[in-house]
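Here the structure is laid out as structure tokens; the discussion comes afterwards.
Protein chains get the first letters and strands the later ones, always in sequence-line order, with residue 1 at the start of each.
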Number of protein chains: 2
Amino acid sequence: MRKTSIKDIALKANVSIATVSYVLNGTRNVRPETHKRVTDAIEELNYKPNDIAKSLKRNRTNTIGVIAEDVTVFNAPEIIDGINDFGDRHDLHILLVNLRLDKRVGHNFGDLEAYRNYASNAVSELLSKQVDGFIYIGVHTRDLTGLIDVEDKPIVYTYGYTQNDISIQYNDEQASYKAMSYLVRKGHSRIAIISGLMDSIPSRQRLNGYYRAVTDFELPFDPLLIKMGDWERESGYRLTAELLALPEPPTAILSMNDVMVVGVLQAADECGVSIPGELSVIGFDNREFSDYLRPRITTMGLPLHQMGYQAIETLYHLINGNKVQKLVMPECCLIERDSVGVLNSDVEQKQE
Amino acid sequence: MRKTSIKDIALKANVSIATVSYVLNGTRNVRPETHKRVTDAIEELNYKPNDIAKSLKRNRTNTIGVIAEDVTVFNAPEIIDGINDFGDRHDLHILLVNLRLDKRVGHNFGDLEAYRNYASNAVSELLSKQVDGFIYIGVHTRDLTGLIDVEDKPIVYTYGYTQNDISIQYNDEQASYKAMSYLVRKGHSRIAIISGLMDSIPSRQRLNGYYRAVTDFELPFDPLLIKMGDWERESGYRLTAELLALPEPPTAILSMNDVMVVGVLQAADECGVSIPGELSVIGFDNREFSDYLRPRITTMGLPLHQMGYQAIETLYHLINGNKVQKLVMPECCLIERDSVGVLNSDVEQKQE
DNA sequence: ATTAGCTGTTTAAACGTTTAGATTTGTAAG
DNA sequence: CTTACAAATCTAAACGTTTAAACAGCTAAT
């Protein structure tokens, strides 16, 4: 048996299908008594509207394509949750495709041509499905200009950007500045930083924040305290060992992610340096495990949910042809735990 | 300007729209020279098919609704990845909705009526979008009979089930049996177990595996070694402390998840018991952090990707009206790391 | 009583496909 | 050159909606 359609209920209610459509959408006045006949029929026949037909006519699906480089990477789920959140409230649906980039072309887009293929396949399938727009969720923040062509549909990037499109990023520079301020407030001044790979924007931004803090707080600047990591645990380990071997080692380390902190902890342990007693450390990302390590590590939390929410909100405006309002970057927020100690109890400082 | 449709290309190629459709789908023979005229026109006008129209006519969208209780919980992304994987190969697309259950009605479905509302809203929106079927991804394995009504569409559950529908689960009983065998092989016989909440099927299944191992390997059975946890770190901590305080403490602990192992580690540390020297521990889930703890913990990995893959594969058969073949439960697989020690070096035993 | 202006309702076309069934074209046999 | 048949192509309806435009019925103003 065919599913019941607007036609059936028109028949039952003894009105035209147009009228049914009008009561369904409230697009035109209909006499209360007619209205009731229609809603009764709807009820009785257990009518469910067919959005596919509606989409065809309206040329609008209320569906957006979400392209994730890799949903299994820690940032993606929270972002998706944010997207879902806004979608819920504005009747937007999510067509998800997972590029599985790392598993296919390797970190750093090893095979660029292959990447372009996967991505453009995904895009063109979504285009066929007539999505109203796209959100791209990267795993690293990099320039993707020229890699993806979404025809004339709007797209919003997050953890990635292009020179022509809007992208949502959190305020990295400010985040590391915040972390530094916190350390300074705890009495530290000889503060080392372990960066991520320097081809990433966040790494550079965060380094900027570090420099600004060094300047603002008049910290002793020592290039030996600046270490280039690669986001992986081993680099945290190795670089911390180097830092601790310095004639004048730092009293605190700012690590650009929590994973490298695992290495920091291990190195400190092996050098017999206690955390937070003799060395403080702050991570980035607020990964779940940062609460499970000993000591529980203090870290900068990323506004992932908010980024997703803001991405789709922006997309929503683009779809509706609204001017997109000035974007305010979501801020990171310090999660205070046990890996930072007070250096000189007398210098718990002023600024908030 | 309207997007170019089959009509435009028919015009350009000087054929009827039917013919265009035939070359597009290969559903009927068309003379090579006509075929070329059509493909040329397609090329020239940069035609992209409209799946919405196709879906309307065909009454099939090639889209499935994936309902996740919470995508931010560790199991969901890998499962989604598996679903995406199969979808990729069989031209199935994913319409994702995140219920955010924990954030809304709390663990354990605090407010059942509210839950039913959220779920049935999600379902009916997806139904309107004419999905061909559903996959439900739970966060705990529980009976959801009567909570979700997907009309006449097929649904496959994972991490959750109902009395009427198919559900994909991994083999829990076997998993804990495997873990036990491993411990036995390492010379342990006095093995404690810390369970999750006992309202969960996995907890009970895993306990069964434990009992079977105790029997098969003729281990001394001591009810004092069986502890009821609640999946949370604190219970791991508390119960381990109790175990270590026993007159005859266990030499190994099987914890039903990795989170509780964090508590185990802490308790052992505070009791001055070294792991794996004096106490061995195996976790469950192969959470990323299990590799970051010290010692790196040995754990049973869950076949999440495979579960997702198998779920959609099954759904695919249901959608196509195929008899669904005998399901073989995906198996867990031991990830060997550093938290299990050999008890009596002379008894590294036979069975593999 | 006619007209004008509402309000509510219907008619019919359109969205971009697929697909029976009809029709045309081409080919081979008589 | 017919005829028969197969192959290629076309016609037209259908999928379930929305919506512009036409229309009907009523009220109020002239």
Side chains of residues 22-32 of chain A: which donor-acceptor partners sit under 3.5 Å, not counting sequence neighbours?
{"unit_1": "A:Asn25", "atom_1": "ND2", "unit_2": "A:Ser21", "atom_2": "O", "d": "3.0"}
{"unit_1": "A:Asn25", "atom_1": "ND2", "unit_2": "A:Ser21", "atom_2": "OG", "d": "3.3"}

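- Ion pairing of A:Asp51 with B:Lys129 is present here, as a side-chain N (NZ or NE/NH1/NH2) and a carboxylate O approach within less than 4.0 Å.
- One finds the CG atom of B:Asn322 at 5.5 Å from the CG atom of B:Asn320 (value rounded to the nearest 0.5 Å).
- For A:Lys153 and A:Asp132, the salt-bridge test fails: no basic side-chain N is under 4.0 Å from an acidic carboxylate O.
- More than 12 heavy atoms of other shown residues, nucleotides or ligands fall within 6.0 angstrom of atom CD in B:Glu33.
- Rounding to whole angstrom units, CZ of residue B:Arg31 and P of C:dT24 are separated by 16 Å.
- The aromatic ring centres of A:Tyr159 and A:His140 sit 6.0 Å or more apart.
- The shortest heavy-atom contact between A:Asn14 and A:Arg37 is O-NH2, 3.5 Å.
- Comparing the local axis fitted to the first five base pairs of the helix from C:dA1-D:dT30 to C:dG30-D:dC1 with the one fitted to its last five gives a bend of 70°, rounded to 10°.
- When all heavy atoms of B:Gln169 and B:Pro330 are compared, the closest pair comes out as O-CD, 3.4 Å.
- Put simply, CG on B:Asn59 is 12 Å from P on C:dT19, counting in whole angstrom units.
- Across all strands, B:Ser55 comes closer than 4.0 Å to no nucleic acid atom at all (heavy-atom distances).
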* **Letter per nucleotide, 5' to 3', of nucleotides 14-19 of chain D [B base touched, S only sugar-phosphate touched, - untouched; heavy atoms, 4.0 Å]** => BBBBBB
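- Per the geometry, CZ belonging to B:Arg37 stands 12 Å off C1' belonging to D:dA8, to the nearest Å.
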